Every structure is written in C-alpha cells, then in structure tokens.
Amino acid sequence: MIRIYNTLSQQKEEFKPIEPGKVRMYVCGMTVYDYCHLGHARVLVAFDVITRYLRHSGYDVHYVRNITDIDDKILRRADENGEVYTDLTARMIKAMHEDEAKLGVLSPTEEPCATAYINEIVAMIHKLVSSGHAYAADNGDVYFSVESYPDYGKLSKKKLEDLVAGARVDVQEAKRSPADFVLWKAAKPGEVSWPSPWGDGRPGWHIECSAMSNQCLGETFDIHGGGPDLLFPHHENEIAQSECANGHTFVNLWMHAGAIRVNKEKMSKSLGNFFTIREIFEKYAPEVVRYFLVSSHYRSQVDYSEENLAEAGHTLTRFYHALRGLVPAKDVAETAHDRQFAEAMDDDFNTAGAIAVLHAVVHEINQFRRDGDDERAAESAAVLVRLGRILGLLQQDPEAFFQADTGSELSAEDIEAMIQARADARKRKDFAEADRIRDELADKGIILDDSREGTSWRRG
RNA sequence: GGCGCGGUGGCAGAGUGGUUAUGCAGCGGACUGCAACUCCGUUAACGCCGGUUCGAUUCCGACCCGCGCCUCCA
C-alpha cells in the first residue's frame with residue numbers, strides 16, 4: 001500500500017487510482033525561454049522517481065508533462081535575441097531534453113505543447129464564458145471570474161477576501177475583481193496570435209494546463225504535480241477552470257516538490273540566484289546531481305552548496321566502488337532489503353530512507369568481498385543495482401563512472417602507464433618514486449585504489 | 001497582515017510514545033612499504049517552557065527562531 005501526501009488534504013493518504021492498476025498523472029513542465037535550472041531538475045527528478053516507483057509497484061502510469069511554448073517571457077526573450085520565437089523554443093526544448101537525459105529522467109508518456117492545443121483551449125474558454133464563469137473585458141482580454149467559483153482557494157488555503165484585500169494582487173481596471181485572472185490575452189500589434197471568438201490573441205498560462213490535461217488524461221485524473229511555487233496561483237486556477245468547465249472534481253491528489261535554496265534563499269529566476277543544470281554539470285557528474293536531489297525527501301527544502309554536492313559525489317563513489325569488478329548475479333530472489341526499500345518508498349516516496357537501505361546493501365557487499373565470497377557479493381550487487389534502478393541511480397558500468405573523461409590532460413593509456421611504472425618502482429622497493437607517481441596523479445585528479453588484485457584508478 | 005511548512009548529534013538527513021536511522025567527519029583497531037579504499041568497533045541529537053503519560057525528541061498548548069506562498073517563477 002502506497003501512502004502519498006496530498007496538498008489538498010494536507011495529510012498522507014492511501015493511494016487509490018481511479019482505474020485499478022492505472023495511474024494518470026500530470027506535471028507542470030517548463031516554460032521554454034531559458035535553460036533548466038536546479039529547481040527544474042528537482043521537479044523533473046522527483047516525478048521521475050515517483051513514476052519509476054509506481055511502475056515498479058505494478059501500475060501502468062500515463063505521465064503527461066507539458067511544455068509552455070507561448071508566453072510573455074518567451075516573446076520578450078525572442079525579441080531581445082532578434083529571433084523568431086519558435087526558434088528560441090525549439091532550441092530550449094532540445095536543451096531541456098539533453099539535460100533530462102543526462103539526469104537519467106525518463107521521457108514522460110506525453111509531452112504536449114500549448115501551441116498544439118489552441119483549439120481545445122479556446123473551446124474550454126468558450127465553455128467558461130457561456131456558463132458565466134468567465135467574461136470578455138473591454139480591452140479584448142478574457143478573464144476568469146474567481147467569485148463564480150465558491151471553492152476558490154481550497155488548495156492553497158487562501159480566502160478570497162484576503163486575496164482581494166492583498167496589496168500585491170494586480171489591480172487592473174478591466175478586471176471585475178482584482179483576483180480574476182486572464183484566460184485569453186488580446187494580441188498587441190505585430191504579435192503572434194491565433195483567432196478566437198473574442199478576437200486574435202493567445203492563451204493565458206493557467207488555461208493551457210487545464211485544457212491539455214483534460215485532453216490527454218480526461219476530466220478527472222489521479223495525480224497532479226509541480227513545483228512549490230506553482231501551488232498558488234497556478235494550480236488553484238487550474239482547479240477553478242477545470243471544475244467550472246467540467247462540473248466535477250479535477251484531480252484527486254496534488255503533489256508539490258520542495259524548493260531549492262541557495263545561501264538560505266529560494267533559488268528562482270526572479271531573484272536571479274539560479275544555477276542552470278548545465279553549469280552544475282561542468283563541475284559535477286550528472287548522476288551526482290541526481291543523487292544529491294534524491295538523497296533528501298521530495299517535499300523538503302534542500303540547500304544547494306558545494307559541500308553537499310561534494311558529499312553526494314563521495315557517497316556515489318562509495319556505491320560504485322562496492323560494485324566495481326563484480327558481475328551482478330541474475331534472477332536473485334527478493335530479499336529483506338527489497339522489502340525494507342519498498343517500505344520506505346511506500347511511505348510517500350521516502351527516498352532518504354530507501355537510500356539508507358542501499359547503504360546496508362553496500363555494507364553487505366563489502367563484507368562478502370572481504371570474506372572472498374564472490375558469489376554472494378554478486379547476488380547483493382544485483383540487489384543494489386535493481387534498487388538503484390528504481391531511483392534512477394547506479395545503472396552505469398562502474399569503470400565508466402570512475403573514468404568518465406572530464407576533459408583531463410591525461411588519457412587512460414597515460415594513466416595505465418604511470419600505474420605500471422609505480423608498480424615496478426614498488427617491486428624494487430623504490431617507494432620514493434612510487435609515491436612521487438601517486439602524488440603526480442593525485443595532482444591531476446587521479447585517485448589510485450590498491451588491492452590484492454592490483455591497482456585500479458578513478459577520476460576524483 | 002493572512003495562509004502554510006519546519007527547527008534532530010560537528011555537518012547532511014530519515015524516523016519513532018519506551019529499543020542502532022543512514023552517510024560524512026571524529027575516535028580506537030585491522031589491512032598497507034606509507035597512504036587511500038575497504039573491514040571491525042565506537043562517541044555523539046532531538047529549539048524553549050508547560051501539560052497529558054508509568055514514560056515524550058515523538059501527542060497537546062504557549063513561546064522563540066527559520067523558511068515558503070500571498071506577483072511571472074519548478
């Protein structure tokens with residue numbers, strides 16, 4: 001039995017999909033005007049782990065993650081770059097897919113783009129206007145009337161009067177209420193636009209997700225997820241739109257990832273303190289970044305720091321070290337560790353607890369190896385690799401992980417030659433020379449591991 | 001101001017009404033030419049004050065502190 005924390009009820013609930021054995025899940029994806037940052041990576045990885053675990057548990061998961069490919073920021077950035085906006089979005093989508101692949105994030109089942117769903121979006125807005133939940137304003141925009149939906153605020157626990165009273169809500173004359181939000185934006189001269197019953201324009205952000213999820217997953221589905229800053233107003237607005245248009249529950253379970261922080265501040269584009277994934281990849285292997293993200297619970301806040309990433313790298317090294325030189329056994333039966341792992345994951349995807357089980361398996365492998373019991377070590381290695389797979393970790397060949405060339409001046413051949421020279425020196429008890437070689441390699445980031453079978457190396 | 005989340009050993013980070021989280025670091029030992037890696041053993045914690053209880057880090061209440069959302073943001 002899997003229990004999942006539901007933002008709507010603010011507690012963990014037993015997960016029961018609408019259709020037995022099937023999970024329909026929608027996660028808000030990127031607005032593609034820039035490269036992915038670590039916050040995006042967190043959401044990507046969190047829901048990737050969730051999808052992997054649900055599938056591992058036997059569910060057929062239909063995972064939809066949208067792409068917002070039309071938006072103010074996209075048009076502004078394209079304008080600044082002096083390029084057609086579709087060139088910008090195509091480039092960013094490609095970059096996002098590259099980043100995802102490096103992070104070991106599996107492709108979602110469907111990845112709808114907003115611009116491919118204009119008809120559905122217009123149809124949904126039409127439905128809302130007809131039923132009195134939305135109105136066309138004098139300026140050509142169409143707004144959702146928040147007052148027409150009594151449950152508004154049920155996800156974010158906000159009261160409408162507090163929102164209206166709040167000074168930060170955009171007070172715009174065309175709106176009937178300050179809390180109303182835009183469904184359709186009238187095109188400015190020269191701007192890209194699509195035709196609609198209210199004139200040429202383009203969709204607002206919130207309605208895209210309502211229309212696309214409706215189309216891809218139906219009017220009611222199991223799980224809707226996203227980043228923490230989407231809870232309000234984006235997800236609140238999605239609920240209002242979808243439930244008013246369809247007349248029944250939109251989503252059963254809402255899941256939100258925790259924020260990434262940098263120096264005690266939220267990492268975000270508006271604060272300008274964000275790191276792109278590719279910047280981080282210049283210093284740390286993608287799997288190390290993934291490990292860092294997976295090592296704490298998906299709902300907790302995590303602090304990005306060099307120390308934390310370095311520790312993640314160290315730990316991952318320990319895991320691969322245990323696997324090094326072993327061929328995982330085939331068809332290993334379920335073990336107590338598999339059950340402990342599942343117990344942790346069943347409890348709201350407790351990856352930190354699950355990783356503790358991985359450490360126990362590593363410990364076991366090392367003990368078997370010390371005792372020369374290669375057969376049992378190989379069996380435990382198989383357990384480690386299959387549990388790692390559920391977290392999207394430890395799927396590389398250990399040598400590939402250790403010796404991945406990060407643009408170092410030394411080739412594998414150079415290193416092997418130096419190791420041989422050191423072995424010769426050791427044989428003739430010229431330890432000064434042996435240590436000199438070891439130090440020289442260390443200076444260049446190569447760490448040697450001596451064992452009874454000989455010396456292996458890795459890039460540190 | 002409103003709403004919400006959290007404060008766990010030197011650090012990171014789970015969890016629990018009474019029993020070892022886990023990792024890093026530290027300490028003692030084994031291994032090693034010396035190290036690293038690995039192995040064995042080990043120290044150390046639950047913001048503050050009350051309450052409930054045989055017993056609370058875990059439940060309840062007050063307080064202090066930190067954070068998030070309330071505006072586009074994952």
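Below, read A as the first sequence line, B as the second, and so on, with proteins coming before strands; counting in each chain starts at 1. Note that the coordinates shown come from a computational prediction; the quantities given were computed from them, not determined experimentally.
- Between A:H314 atom NE2 and B:rC11 atom P the separation is 19 Å, expressed in whole Å.
- Comparing B:rA74, B:rU38, B:rA35 by their nearest atom to the side chain of A:R422 picks out B:rA35.
- Here the CD atom belonging to A:E236 is positioned 7.5 Å from the OH atom belonging to A:Y149, to the nearest 0.5 angstrom.
- The listed nucleotides are B:rC40, B:rA74, B:rG13; the one nearest the side chain of A:S296 is B:rG13.
- In this structure, A:Y26 has its ring center at least 6.0 angstrom away from the ring center of A:Y63.
- Residue contacts shown for A:H234 are absent, as no nucleic acid heavy atom lies under 4.0 Å away.
- Looking at heavy atoms from C-beta onward, A:H321 lies out of side-chain contact with A:N366 at the 4.5 angstrom threshold.
- The nucleotide B:rU42 finds its pairing partner in B:rG26, both defining distances of the Watson-Crick or G-U wobble pair being shorter than 3.5 Å.
- In this model, a side-chain donor or acceptor of A:K158 finds a partner on the base of B:rC69 within 3.5 Å.
- Within 4.0 Å (heavy atoms only), A:Q301 reaches sugar-phosphate atoms of the nucleic acid but no base atom.
- A:N308 comes within 4.0 angstrom of the backbone, heavy atoms only, and of no base.
- A:H256 comes within 4.0 angstrom of nothing in the nucleic acid, heavy atoms only.
- Between B:rG47 and B:rG15, the two P atoms lie 15 Å apart (nearest whole Å).
- B:rG68 and B:rA45 are spaced 26 Å apart, taking the C1' atom of each and rounding to whole Å.
- With hydrogens and angles ignored, a donor-acceptor pair under 3.5 angstrom links the side chain of A:R438 to the base of B:rA35.
- Within 4.0 Å (heavy atoms only), A:E307 reaches no atom of the nucleic acid at all.
- As rounded to whole Å, 13 Å separates atom P of B:rA74 from atom CD of A:E238.
- The distance from atom CZ of A:R261 to atom P of B:rA12 is 11 Å, rounded to the nearest whole Å.
- Rounded to whole angstrom, the span from the CG atom of A:L231 across to the P atom of B:rC5 amounts to 12 Å.
- For the residue pair A:R318 and A:H359, a side-chain donor N or O sits within less than 3.5 Å of a side-chain acceptor on the partner.
- Comment: A:E282 does not engage A:R278 in a salt bridge, judged by the lack of any side-chain N to carboxylate O separation of less than 4.0 angstrom.
- In this structure, the CD atom of A:E161 is 14 Å from the P atom of B:rG2, given to the nearest Å.
- Between the side chain of A:D435 and the base of B:rA35, no donor-acceptor pair of N or O atoms lies under 3.5 Å.
- Residue A:T317 is out of contact with every strand shown, counting any heavy-atom pair closer than 4.0 Å.
- Across all strands, A:F431 comes closer than 4.0 Å to base atoms (heavy-atom distances).
- Ranking B:rC39, B:rC72, B:rC34 by closeness to the A:P233 side chain, first place goes to B:rC72.
- Nucleotide B:rA35 forms no Watson-Crick or G-U wobble pair with any nucleotide shown, as no partner meets the under 3.5 Å limit on both distances.
- When heavy atoms are screened at a 4.0 angstrom cut-off, A:I260 is found touching base atoms of the nucleic acid.
- Within 4.0 Å (heavy atoms only), A:D303 reaches no atom of the nucleic acid at all.
- The existence of a salt bridge linking A:D303 and A:R261 is confirmed by a sub-4.0 Å separation between a basic side-chain nitrogen and an acidic carboxylate oxygen.
- Rounded to an integer number of Å, the gap from CD1 of A:I446 to P of B:rC37 is 16 Å.
- Counting non-hydrogen atoms under 4.0 angstrom, A:G258 reaches a base of the nucleic acid.
- Look at the P atom in both B:rA14 and B:rG28: the space between them is 31 Å, to the nearest Å.
- A:D180 contributes no side-chain N or O that, together with a main-chain N or O of A:K175, makes up a donor-acceptor pair within less than 3.5 Å.
- We find that CZ of A:F402 is positioned 17 Å from P of B:rA36, with the value rounded to whole Å.
- A:R299 comes within 4.0 angstrom of no nucleic acid atom, judged by non-hydrogen atoms across all strands.
- No contact: A:A257 has no heavy atom under 4.0 Å from any strand.
- B:rC72 atom C1' lies 14 Å from atom NE2 of A:H235, rounded to whole Å.
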